[in-house]
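Both backbone and side-chain heavy atoms feed into the values below; hydrogens, waters and symmetry mates do not. Sequence lines set the chain letters: A, B, ... in the order given, protein chains first and strands last, and positions in each chain run from 1.
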2 protein chains.
Amino acid sequence: MPTYKHPRPSVTVDVVVFGYDGGQTLKLLLIQRGGEPFKGQWALPGGFVDMDEDLEVSALRELEEETGVKDIYVEQLYTFGQPGRDPRGRVISVAHYALVNLGNHPTNAASDATRADWFSLDELPELAFDHAGIIDLATARLRAKVRYQPIGFELLPEAFTLGELQRLYETVLGVPEFNKRNFRTRILKTGILEEVGKQENVAHRPALLYRFNEARYRKLVDERDSAVLRRALDFEL
Amino acid sequence: MPTYKHPRPSVTVDVVVFGYDGGQTLKLLLIQRGGEPFKGQWALPGGFVDMDEDLEVSALRELEEETGVKDIYVEQLYTFGQPGRDPRGRVISVAHYALVNLGNHPTNAASDATRADWFSLDELPELAFDHAGIIDLATARLRAKVRYQPIGFELLPEAFTLGELQRLYETVLGVPEFNKRNFRTRILKTGILEEVGKQENVAHRPALLYRFNEARYRKLVDERDSAVLRRALDFEL
DNA sequence: ACAAAAGTGTTATCCTTACACCCATGC
DNA sequence: GCATGGGTGTAAGGATAACACTTTTGT
């Protein structure tokens with residue numbers, strides 16, 4: 001079918017899946033390679049793109065095949081094409097990144113020969129190929145993006161407290177702790193959160209539960225009121 | 001050499017080159033296709049990736065071959081891989097975008113069969129493949145990026161006045177005109193500009209000429225003082 | 001002298017920051 | 001009643017927006 005007479009590289013997709021469970025660090029989903037090269041070593045989930053398959057679809061398919069994780073937010077990150085990055089020949093990889101809440105998408109047993117597991121972002125094992133570099137880029141992108149897009153909501157359960165949201169920001173950005181009062185004021189001022197209830201059975205004053213209001217977010221972006229948003233999410237302290 | 005037994009798509013690079021000449025609109029560098037498909041139609045410069053060539057190198061090589069433009073700032077944009085985007089088969093294109101000042105990189109005669117020319121961004125001809133979509137994405141990215149990175153300096157000559165810089169921002173963002181006083185205060189406060197002289201032979205008070213101080217910019221980014229920067233570049237008015 | 005663009009002073013207002021304090025719940 | 005987080009009041013200082021004004025050059 002293809003009529004070009006040029007040599008063709010192989011094309012793969014890889015997925016950097018960030019997970020959050022409310023704790024002190026972000027988690028990363030890795031698989032242990034079942035075959036050569038790098039057999040037995042940990043790597044990003046991913047694989048070859050089918051000939052009639054969109055890239056993002058391909059990434060989601062490989063992710064589900066190798067880890068069981070599905071129905072998640074995924075986005076293209078960067079394409080790595082340096083000659084020599086794969087010992088077997090020219091392989092160009094379209095890297096993606098994805099965000100999940102570990103509660104909604106519980107640890108998934110691997111399907112076939114490969115094993116899958118979650119690792120703390122600051123305690124990663126040695127990685128196959130150039131995957132360490134891909135993860136570095138994904139982490140930088142996540143930190144940058146969290147400042148001007150309410151992307152972090154993918155990492156939380158449907159309903160969450162402002163305290164949980166603040167802890168998430170602190171974890172993602174790796175900063176010590178910022179001022180509670182000001183965090184609340186900024187976030188609530190945007191109007192992208194809506195109340196959905198109240199905590200129960202907690203050993204302290206029950207917090208209000210919020211949900212991300214996507215409609216109101218889109219309206220803000222469209223109305224060019226996005227400055228409000230950017231300022232509100234752009235935490236320094 | 002490659003040992004994978006999967007079918008392989010073709011891989012190309014395309015480059016969206018934005019040019020600025022101090023005028024009211026941004027320009028875009030296009031080539032007229034010499035062969036099928038889409039023969040005679042306008043398209044982005046680009047072509048097939050060589051087997052032992054990095055993607056960015058490939059983009060710069062194709063750009064120079066087809067338009068003569070070289071030695072410019074280029075960056076990866078997004079990878080387009082939808083099946084059917086090329087009538088001849090599966091072709092995945094790694095799109096890049098680049099910024100040039102038209103004064104420094106004068107209109108370049110095309111080398112071989114293809115013709116190259118600059119078009120106003122708001123008066124583009126009909127485009128081959130999915131190139132119109134690629135350009136849309138590049139434009140959105142440029143507008144977004146100009147707000148938190150001093151990327152616009154690539155579009156100006158070495159030395160420029162604050163008035164020219166302001167006109168550039170107004171052009172890129174497509175806003176009417178913002179307040180001169182406040183623009184100056186914000187930009188100068190960052191310290192990323194340094195004086196390099198003064199205009200001569202102009203029919204009005206000569207403006208101070210400035211140059212982008214990259215060292216100081218890097219220092220700001222590293223020092224996490226980047227909030228200063230972001231706020232300074234994030235124009236709303 | 002005039003046009004044209006550069007460059008400055010100033011103020012009211014809003015936003016950010018910082019710190020102290022009160023509230024509701026389970027044990 | 002104490003520990004634990006949730007939630008609020010507020011005031012000082014800094015940044016922003018808006019407007020009017022002065023300056024310097026070529027013609």
Side-chain angles (χ1 to χ4, degrees), chain A residues 22-24 147 156 159-171 175-191 193-211 220 224-237, chain B residues 22-24 147-148 156 159-171 173 175-191 193-211 220 224-237:
Chain A
Q24 300 297 312
R147 288 177 183 281
L156 291 173
F160 50 85
T161 70
L162 287 179
E164 286 165 358
L165 183 60
Q166 178 169 350
R167 229 164 297 126
L168 169 62
Y169 271 96
E170 289 162 358
T171 302
V175 296
E177 182 178 350
F178 32 70
N179 187 290
K180 187 177 43 159
R181 181 64 168 108
N182 303 336
F183 179 85
R184 309 179 128 260
T185 316
R186 284 167 83 155
I187 287 286
L188 291 178
K189 191 183 41 182
T190 65
L193 293 185
E194 78 188 302
E195 289 183 29
V196 290
K198 193 191 282 203
Q199 277 184 330
E200 278 169 32
N201 289 330
V202 286
H204 54 77
R205 173 172 177 181
L208 288 175
L209 293 168
Y210 292 89
R211 168 169 58 189
L220 272 189
R224 210 170 275 305
D225 263 344
S226 44
V228 178
L229 240 190
R230 258 174 281 122
R231 298 238 165 95
L233 299 177
D234 182 11
F235 304 111
E236 200 63 23
L237 215 232
Chain B
Q24 301 296 314
R147 287 177 182 280
Y148 59 93
L156 290 173
F160 49 85
T161 70
L162 288 179
E164 285 165 358
L165 182 60
Q166 178 169 350
R167 230 163 297 127
L168 170 61
Y169 271 96
E170 290 162 358
T171 303
L173 295 176
V175 296
E177 182 177 349
F178 32 68
N179 186 290
K180 186 176 46 159
R181 180 65 170 108
N182 303 336
F183 179 85
R184 309 180 127 257
T185 317
R186 285 167 83 154
I187 286 286
L188 290 178
K189 193 182 41 184
T190 65
L193 293 186
E194 78 187 302
E195 289 183 28
V196 289
K198 193 191 281 204
Q199 277 184 330
E200 277 169 33
N201 288 330
V202 285
H204 54 78
R205 175 172 175 179
L208 288 174
L209 292 169
Y210 292 88
R211 167 169 58 191
L220 273 188
R224 212 170 273 304
D225 264 344
S226 44
V228 177
L229 238 190
R230 258 175 280 121
R231 299 236 166 96
L233 298 177
D234 183 10
F235 305 110
E236 200 61 22
L237 217 235

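- If you take CG of A/L193 and P of D/dG7, they are 12 Å apart, rounded to a whole angstrom.
- In this structure, the CD atom of A/Q166 is 12 Å from the C1' atom of D/dG7, given to the nearest Å.
- Partners of B/A203 under the side-chain contact (heavy atoms from CB on, under 4.5 Å) rule, at least two apart in sequence or in another chain, do not exist in this structure.
- Ranked by how close their nearest DNA chain D nucleotide is to the 5' end, B/K180 and A/L188 are led by A/L188.
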Under-3.5 Å N/O pairs linking protein and nucleotides 22-26 of chain D:
unit_1	atom_1	unit_2	atom_2	d
D/dT23	O2	B/R205	NH1	3.2
D/dT24	O2	B/R205	N	2.7
D/dT25	O2	B/A203	O	3.4
D/dT25	O2	B/H204	N	3.2

Apply side-chain contact (heavy atoms from CB on, under 4.5 Å) to the pair A/Q166 and A/R184, showing each step before the final yes or no. CA-CA 9 Å; A/Q166 178 169 350; A/R184 309 179 128 260; 5.5 Å; no
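- Every residue two or more places apart in sequence or in another chain was checked for a side-chain hydrogen bond (donor to acceptor under 3.5 Å, both in side chains) with B/E164, and none qualifies.
- The CG-C1' distance, from A/N182 to D/dG9, rounds to 12 Å in whole Å.
- Comparing B/E164 and A/T185, the nucleotide of DNA chain C nearest to each residue sits closer to the 5' end for B/E164.
- Rounded to an integer number of Å, the gap from NZ of B/K189 to C1' of D/dA17 is 13 Å.
- When the P atom of D/dT16 is taken as reference, atom CZ of B/F183 falls 14 Å away, rounded to whole Å.
- Nearest to the side chain of B/R186, among D/dG7, D/dA17, C/dA6, sits D/dA17.
- For C/dG7, the base has no donor-acceptor partner in the side chain of B/R181 [N/O atoms by modelled type, under 3.5 angstrom].
- In this structure, A/L209 atom CG and C/dA24 atom C1' are separated by 15 Å, rounded to whole Å.
- Contact annotation for B/L208: backbone-only contact, meaning every heavy-atom pair under 4.0 Å involves sugar-phosphate atoms and none involves a base.
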Apply side chain to side chain donor-acceptor pair (under 3.5 Å) to residues B/T185 and B/R181 and explain how you reach the verdict. CA-CA 6 Å; B/T185 317; B/R181 180 65 170 108; 3.2 Å; yes
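- The shortest side-chain heavy-atom distance between B/L156 and B/L168 falls under the 4.5 Å cut-off.
- Distance A/N179 CG to D/dG9 C1': 13 Å, rounded to the nearest Å.
- Every pair passing salt bridge (Lys or Arg N to Asp or Glu O under 4.0 Å) that includes a residue from residues 194-210 of chain A is listed here, sequence neighbours excluded: A/E194-A/R211.
- The interatomic distance linking B/L165 (CG) with C/dA5 (C1') rounds to 16 Å, in whole Å.
- Note that OH of A/Y210 is 10.5 Å distant from CG of A/L165, once rounded to the nearest 0.5 Å.
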